[in-house]
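Labels below follow one simple rule: chain letters A, B, ... track the order of the sequence lines, proteins then strands, and each chain is numbered from 1.
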Protein chains: 2
Amino acid sequence: MNRCEQCIVRQFTALNALTKDELMRMAVCRTSENIKKGQILFEEGEHPKGVYCIKSGICKLTKLSANGREQIVKLVTRGDLLGQRSILSGEKVNLTAIAVSDMEICLLPKEDILRSLANNREFSSEVMKEVCHDLKNANNSTVNMAQKTVKQRLADTLLYLYKTFGTDKHGFLSAQLTREELAGMVGTATESLIRMLSGLMKEGYLKTGGKKILLINIPGLEKISDGQENVSS
Amino acid sequence: MNRCEQCIVRQFTALNALTKDELMRMAVCRTSENIKKGQILFEEGEHPKGVYCIKSGICKLTKLSANGREQIVKLVTRGDLLGQRSILSGEKVNLTAIAVSDMEICLLPKEDILRSLANNREFSSEVMKEVCHDLKNANNSTVNMAQKTVKQRLADTLLYLYKTFGTDKHGFLSAQLTREELAGMVGTATESLIRMLSGLMKEGYLKTGGKKILLINIPGLEKISDGQENVSS
DNA sequence: GAAATGACATGACATTTATCAGTTGATATT
DNA sequence: AATATCAACTGATAAATGTCATGTCATTTC
């Protein structure tokens, strides 16, 4: 019933370049898998079973640093693929994937993916483009971590969550992350993150109600991100 | 005279997967180009003319941050390719490439690369692996920037320079970077970098003679990098 | 409903890092 | 040789961020 051919999510990914034939072969893909919040999809050092296609929910790709903090390298969500890098290069995964919310995913077996990569030029080209895009983002991320302040990076993160996951009907960010997870994205201590967040609240950029966050002044946050805060003409 | 087929450097790169025929076509490649220290190969926002193959010298890939500091994202050297990401994805380059030393490079025209990517499965697979490798490194780099101290990152950088470029006959690091460039790699202010460096010198990890750096205690630097400094059993 | 738990929050303080203002030394320029 | 220039370096200080201790609140568990 849950056939790949009919899956809307596929349209957003490189999988759209697969032929009907190829899709038929991906037998495992016919049913999607339900993942509970907190569940681990794969861990650093493993060889993944294949590429995951995300139908719903949010997953964090993390890396544990020597000081014990969990750095979130990327969030993946509806319409994203997961695990391509490792399948493409044949290496172990270098990041751990953990569900941030309940998820619905499909596993596309490694062998099928590799066969399609070898035989379907358009597919491999699309996958390559996605990896290149990831690389660009990763480089930007490195520069931001190295050069921006925590406040700037928090503004970035909030804007990213806003643009990527949108808001609920009341305007609150749809992505529900704990403060600890936010700190993991920003790359700072949880206490520092909380302080910055309430700082931004006091300055009127946002409101927080428990775990929910409402962005009020988007252009202002963009200025903070660019380091143009408090710059009068 | 300087034909690709005979080029030793090619062996180290994905270009090794190109056929004799393909190499013959890359007319521009027949002669290598000499680049002077400080010269710009391409700048952020441009569309590159092709992929560069580096025969000798060192080039920095940098990004200017809002606060005016130049962050070095990657160094490329003999046997590396330059500009693949942009050619593969068809996007503008997102980094600026500047020669750190005099260089010898070959330009492989965009059209030829794209043709080979489409027609030569092994070549495209090799290129893909290199991009995947870059992505892995970039992710690690992001985590390091976010979670490690300046001292740890400096240790990382020194070890990287040691392992990648080696030393001259006297044991000094072969890669000659200015303090400002080192700071750009570590992601800190030049003054901070200088202080850290002389700190490491006082602690006996290294010696500096002007621009030259001699690493004395490699295992010690590795401990610093892992954050195990001053941890007595 | 009481107890336990975990996320959120804040204060006090320590540490790290950046910034600003210079000095020195080497190298290039006239 | 005098001058300009730039990289390397240092000191004083400010600002940013981390750490530790503690408290509150909401939620889960029994």
Quick note, side-chain hydrogen bond (donor to acceptor under 3.5 Å, both in side chains) partners involving residues 35-54 of chain B, not counting sequence neighbours, are none
Pick base, sugar-phosphate or nothing for A:M196, based on heavy-atom distances below 4.0 Å to the nucleic acid.
-> sugar-phosphate
Remember a base hit wins even if backbone is also touched, and classify A:T190 as base, sugar-phosphate or nothing at under 4.0 Å, heavy atoms.
-> nothing
In a table with atom names and distances, give each donor-acceptor pair under 3.5 Å that connects a side chain of residues 209-218 of chain B to protein atoms at least two apart or in another chain.
residue	atom	partner	partner atom	Å
B:N217	OD1	B:G220	N	2.8

Could I get the full list of side-chain hydrogen bond (donor to acceptor under 3.5 Å, both in side chains) partners for B:S225, not counting sequence neighbours?
-> B:K148, B:D156
Would you say D:dA16 has OP1 or OP2 under 4.0 Å from some side-chain N or O of A:S192?
-> no
Which whole-number value in Å describes the distance from A:L154 CG to D:dA16 C1'?
-> 14 Å
Roughly how bent is the helix from C:dG1-D:dC30 to C:dT30-D:dA1 end to end, in steps of 10 degrees, with each end axis from five pairs?
-> 40°
With the side chain counted from C-beta on, respond yes when B:L88 and B:V127 share a heavy-atom pair under 4.5 Å apart, and no when they do not.
-> yes
Which atom pairs, donor and acceptor, lie under 3.5 Å between side-chain atoms of residues 180-194 of chain B and protein residues at least two apart or in another chain?
residue	atom	partner	partner atom	Å
B:E181	OE1	B:T178	N	3.0
B:E181	OE2	B:K60	NZ	3.0

Sorted by chain and residue number, the salt bridge (Lys or Arg N to Asp or Glu O under 4.0 Å) partners of A:K74 (sequence neighbours excluded) come out as A:D134
Rounded to whole angstrom units, what separation is found between the CD1 atom of A:I194 and the P atom of D:dT19?
-> 14 Å
Apply salt bridge (Lys or Arg N to Asp or Glu O under 4.0 Å) to A:R85 and list each qualifying residue two or more places apart in sequence or on a separate chain.
-> A:E91
Mind listing the closest non-hydrogen atom pair of A:S101 and A:G57 along with its distance?
-> OG-CA, 3.4 Å
Report which part of the nucleic acid B:R69 touches: base, sugar-phosphate, or nothing (heavy-atom distance under 4.0 Å, all strands).
-> sugar-phosphate
How many Å lie between NZ on B:K211 and P on D:dC6, as a whole number?
-> 13 Å
Where chain B begins and ends its contact with DNA chain C, read 5' to 3' at 4.0 Å from heavy atoms = C:dT17 to C:dC20
With sequence neighbours excluded, tell me which residues meet side-chain hydrogen bond (donor to acceptor under 3.5 Å, both in side chains) with A:D168.
-> none
Atom CD of B:E180 to atom P of D:dC6: distance rounded to whole Å?
-> 12 Å
Would you check if there is a donor-acceptor pair between the side chains of B:T142 and A:T142 at a distance under 3.5 Å?
-> yes
When all nucleic acid strands are considered with a 4.0 Å heavy-atom cut-off, which category describes B:T178: base, sugar-phosphate, or nothing?
-> sugar-phosphate
B:I213 CD1 to D:dA8 C1', in whole Å, measures 12 Å
Would you mind reading off the distance between B:L197 atom CG and D:dA7 atom C1', rounded to a whole angstrom?
-> 14 Å
Polar pairs (N or O, both sides) under 3.5 Å between protein and nucleotides 11-14 of chain D?
residue	atom	partner	partner atom	Å
D:dG11	N7	B:R195	NH1	2.9
D:dG11	O6	B:R195	NH2	3.0
D:dA12	N6	B:R195	NH2	3.4

With A:K163, which residues qualify under salt bridge (Lys or Arg N to Asp or Glu O under 4.0 Å), at least two apart?
-> A:E222
Atom CZ of A:R153 and atom C1' of D:dA16 are separated, to the nearest Å, by 11 Å
With B:R195 via side-chain hydrogen bond (donor to acceptor under 3.5 Å, both in side chains) - residues at least two apart = none
What is the distance from CE of A:M145 to P of D:dT17, rounded to the nearest Å?
-> 12 Å
